[in-house]
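Following: one structure in structure tokens, then a few remarks.
Hydrogens, waters and symmetry mates are skipped; everything else that's a heavy atom, side chains included, is used. Just so you know, ligand 1 is whichever comes first in the structure, and atom 1 is the first atom listed for that ligand.
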Amino acid sequence: QRSSIIAIDGPAGAGKSTVARRLALRLGFLYIDTGAMYRAVTWKALTLGIDPQDGERLSDLTRRMTIRLAPGYQSAFPTRVWVDGEEVTRQVREEAVSLAVSAVSSHPGVRSELVDQQRRLGKLGGVILDGRDIGTHVFPEADLKIFLTAAVAVRAQRRAEDLRAKGLPVPDRDLLEEQIRSRDEQDSSRAYAPLRKATDAIEVVTDHFSIQQTVERLLALYREKV
Ligand code: C5P
């Protein structure tokens, strides 16, 4: 029904945003890309020269800034992002942001502000949220919880294709795998709301699935469940 909340969590590069965006179109749901919100804070912090370790200044920044999201135009940019009225859709996907986002996201003050916003946006239902802590923390009562994963090599391969599609330089495969591992490690090991599969989440391994097949699988799971 329209009031459902679908939570999709998982490690970096598992295809969450592409799949969530398409699933939302199929169901007529609102898609909320929570990673884009953490990226927006990180982009603004880097622009202002705020240290990714400075929890106090980052929390303050998060409370003061305005983030607006809207549906994106293609898989490479699943979400359009504005910070204080300025469009930063491309900037938030840049490597500098990807490298600093886990540190910025580790601060409880940053997280609690963004989680409040996510709950306000999602509470009426008819929404799909993707991230790291949706099923465990933001909406533990979600109607369907998916934990989307794939082998690191597969995720690195997809990330390379993604970067190519964006016309960005593609780092070598070992470096890409290393960056993905390091982000997962930081996201899983933080003290507050770490990346974790909720006990009642359904794990979907997408190594041998296309995007289309993954979307169909999630639709089937949704229809079984609701
Ligand atoms: O999903 P995406 O890769 O864009 O997320 C970027 C980063 O934002 C993650 O690596 C993680 O550090 C942070 N994040 C988070 N909690 C969420 C969504 C994203 O900590 N719900």
- Kindly work out whether a path of hydrophobic side-chain contacts (I/L/V/M/F/W/Y, heavy atoms less than 4.5 Å apart) joins Phe147 to Ile8. no

- Item | Set of residues satisfying side chain to side chain donor-acceptor pair (under 3.5 Å) with respect to Arg223, sequence neighbours excluded | none

- Residue pairs passing the side-chain hydrogen bond (donor to acceptor under 3.5 Å, both in side chains) test with at least one member in residues 86-97, sequence neighbours excluded, are Asp33-Arg93, Arg80-Glu87, Glu87-Thr89, Glu95-Gln179

- Query: Going by side-chain heavy atoms closer than 4.5 Å, which hydrophobic residues are tied to Tyr31, directly or by a chain of links?
  - Reply: none

- Item | Presence of salt bridge, Arg63 and Asp60, under 4.0 angstrom | yes

- Task: Measure across Val127 and Leu129 and return the closest heavy-atom pair with its distance rounded to 0.1 Å.
- Result: CG2-CD1, 3.8 Å

- Protein residues near ligand 1, heavy-atom distance below 4.0 Å? Thr34, Gly35, Tyr38, Arg39, Arg93, Val101, Ser102, Ser105, Arg111, Gly131, Arg132, Asp133, Arg183, Asp187, Arg190

